[in-house]
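Okay, so here's the structure we're looking at.
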Amino acid sequence: MSNKQHIEGYLEQVCRQVRWRKAHPVIRSELSNHMEDQAEAFAAGGMDHDTAEMEAVKTMGAPELVGSQLDHSYRPRPAWGIIAVAMVIMAIGFFARMYLVENIELHYVQQFNWARSLLWQLAAVAAAVAVYFVDYTIFARLSSFAYLAFLGTVLFSGSFLGMRSYHLNHHLLLLMPVIYAAVLWRFPYKGYGGLLVMYLFTILMVLSNLTVTAMVYGAICVLLLTVRVLTGAFSVKKPLGLLLVYGPAAAFGGWLIANTSILDKLHIWLHPELDPLGMGYSGSEVHRILAGARLIGTGSATIEPYFLPDAVRSHMLTFLIHQFGWIVLIAVLLLFGALLAFSCVKISRLNSELGRMVAGAATATFALQCVLYVINNLNGILLSFASLPMLSYGNGALVANALLLGLLLSVFRNDDVVCEAKITPKRVPRVVIRIEPSPPAL
Amino acid sequence: MTSTMKFDKTLMMGGLSLLLLQLLAEEDMYGYQIISVLESRSDKTFALKAGTLYPLLHNLERQGAVTAYEKASDTGRRRKYYSITSNGTSLLQDKKQEWSVFHTAVNRVLEGGQACVKQTAY
């Protein structure tokens, strides 16, 4: 038996004791390096190379004992708190949607049925479970493909799917921040050039689907870029880096205000009573319905068919508050508050920078959807396509959110076996120009 | 204390995380380096096996006391370095305090014990 085989044999015996297979490469790499270092030290002390390697293996201790100790210490870390809350949200969502379908007579209700909804629910759970058990670093390694696939689908799906592409693209937008986070992680040391390239990547994603929804999720991408600038990942001066990121964004915002009716829309959104039969219709209806809502029990407002636009999907919460009282909103806020709080605590404990970025992007996407949906349901339409993750109606959105949940849980589960290079920000050299006094002219 | 003296392992285990955190507070190190430095600085009193060190390091990592990252050496070998975190620094302070109290208490008992023996001999 050659000595490399001794090392391999030892590692094999150690890994046989460790039940979590994903930990094997990490353990192998660390123990193998250890034995090689030890062998080099023995060789430097005068041993021949082969004996040094054999002795190095002997110094490691009994492989069964080492393996069983590592088995105790390397275990997947399921985020049980998040899993439990997500399961409760999914279950409540399923029954709430069915309740709405049974109780609201709308013209498009015919297309809903239990079997179809159940199938989508199962597909969502299967998607979450499948992504959960896949090592999320694979997603990071394939992030460039994911980015191109995202752009390609959003830009060209209309040619193949017609109006259906509208829905598909909106669901894909939910994945935009996590795809961007993974791409961003792969560009750690690129200076101002790298920063501009990543900024361009954000703009391309937003431009590919020039909607308010795309801009909202684009804001998460800009936030991720800001974090990278502030943590020194681009090795640029922070004030200048932030100016590069927010200068064009501010200019674009200014252009939007000057050249579109965005301020008028915002004004109507804040005061829907000014245009109760036009743009303020939804807001006026929501205000009227919620004015009669009780803490517990059915509200006093009357709801006729078609009065509340899209009560099954966009205004599910408004309708449920009317039916059961403000207690519904309190429960929803508590559930999503718990989900986001568990997630934030877990993120703060992650070792992997990639994990923090992907989990942060997924959590921010959940948080933003919740905020937009709740505002929408308390004050009329702000962003009509927002959904309440895993709870409100929307089959595609349900699956997209389940994918996000699976990815988030995969990050927490596999953090122990992800070890990456440390980002050490390079100091930007300061150029000092010293002007020496010129010699007096003769 | 001589380097040939055999230790009760349980006596050693309690203080090991204190020693590891102290070494990592001085500089980031990889596993083999930790064993070597610990051995040389203790005059070979603390000769750790890999099977003791790595689970301990990994548990400290789980507690958030240390964090790990990969770095290539001059030879191109990618090593896993351990670095102390702010949590680890405060844990180290607690453990130092704990050790100081323990050390003083043990000495008091031992000194008291010798005094009793002398009194009995009289």
Side-chain angles (χ1 to χ4, degrees), chain A residues 10-11 13-14 17-18 20 23 25-42 44 56-77 345-346 348-356 415-424, chain B residues 7 9-10 12-13 16-17 20 23-24 27-40 44 46-88 90-91:
Chain A
Y10 182 85
L11 292 173
Q13 280 177 289
V14 169
Q17 308 298 320
V18 182
W20 193 22
V26 182
I27 292 169
R28 276 178 168 273
S29 160
E30 192 162 43
L31 294 188
S32 162
N33 277 337
H34 188 104
M35 284 185 274
E36 283 173 29
D37 281 331
Q38 182 66 74
E40 276 171 20
F42 282 145
V57 172
K58 281 184 193 164
T59 60
M60 296 295 286
E64 293 79 12
L65 186 66
V66 174
S68 71
Q69 279 168 322
L70 287 169
D71 178 56
H72 281 296
S73 114
Y74 278 97
R75 294 276 166 89
R77 285 200 266 184
V345 169
K346 284 271 179 192
S348 71
R349 291 176 185 164
L350 287 174
N351 286 318
S352 150
E353 179 71 18
L354 169 66
R356 277 197 293 271
D415 187 50
D416 278 3
V417 290
V418 177
C419 187
E420 57 204 22
K422 189 182 188 182
I423 295 169
T424 43
Chain B
F7 270 94
K9 275 188 178 175
T10 51
M12 193 174 160
M13 286 304 285
L16 259 184
S17 47
L20 296 187
L23 292 186
L24 294 176
E27 64 171 310
D28 295 359
M29 289 183 187
Y30 53 93
Y32 178 75
Q33 190 184 5
I34 292 173
I35 288 183
S36 305
V37 173
L38 199 59
E39 201 173 308
S40 69
K44 295 192 177 174
F46 300 131
L48 282 188
K49 293 262 184 195
T52 310
L53 175 74
Y54 289 111
L56 196 60
L57 279 173
H58 195 248
N59 287 337
L60 286 172
E61 198 182 348
R62 278 196 157 191
Q63 287 171 34
V66 302
T67 182
Y69 62 92
E70 265 191 0
K71 193 173 148 191
S73 67
D74 297 339
T75 57
R77 191 178 297 154
R78 292 197 72 80
R79 290 196 175 105
K80 190 175 176 183
Y81 279 78
Y82 294 89
S83 165
I84 195 163
T85 62
S86 51
N87 279 350
S90 52
L91 182 66

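All values reported here derive from a predicted model rather than from experimental measurement. Proteins get letters first, then strands, A, B, ... in listed order; numbering begins at 1 in each.
Looking at L65(A), neither its backbone nor its side chain comes within 4.5 Å of chain B, counting heavy atoms on both sides. Of the atoms belonging to I27(A), not a single heavy atom falls under 4.5 Å from chain B. If you measure heavy-atom distances from V14(A) to chain B, you find no contacts under 4.5 Å at all.
If you take CG on D416(A) and CD on E61(B), they are separated by 6.5 Å, rounding to the nearest 0.5 Å. A distance of 12.5 Å separates CZ of R349(A) from OG1 of T85(B), quoted to the nearest 0.5 Å. Going from atom NZ of K80(B) over to atom NE2 of H34(A) covers 14.0 Å, rounded to the nearest 0.5 Å.
Contact between T67(B) and N351(A) at its shortest, heavy atoms only, is OG1-OD1, 3.6 Å. Considering every non-hydrogen atom in both Y74(A) and R62(B), the closest pair reads C-NH2, 4.4 Å. Across every non-hydrogen atom of P55(B) and Q69(A), the tightest pair is CG-CB, 3.7 Å.
Without hydrogens or angle criteria, N33(A) side chain to R78(B) main chain gives a donor-acceptor distance under 3.5 Å.
In terms of the side-chain contact (heavy atoms from CB on, under 4.5 Å) criterion, residue partners of D37(A) (sequence neighbours excluded) are, by chain and number, E40(A), Y30(B), Y32(B), R77(B), R79(B).
Judged as a side-chain hydrogen bond (donor to acceptor under 3.5 Å, both in side chains), the pairs with a partner in residues 56-68 of chain A (not counting sequence neighbours) are, in order, Q13(A)-E64(A), E55(A)-K58(A).
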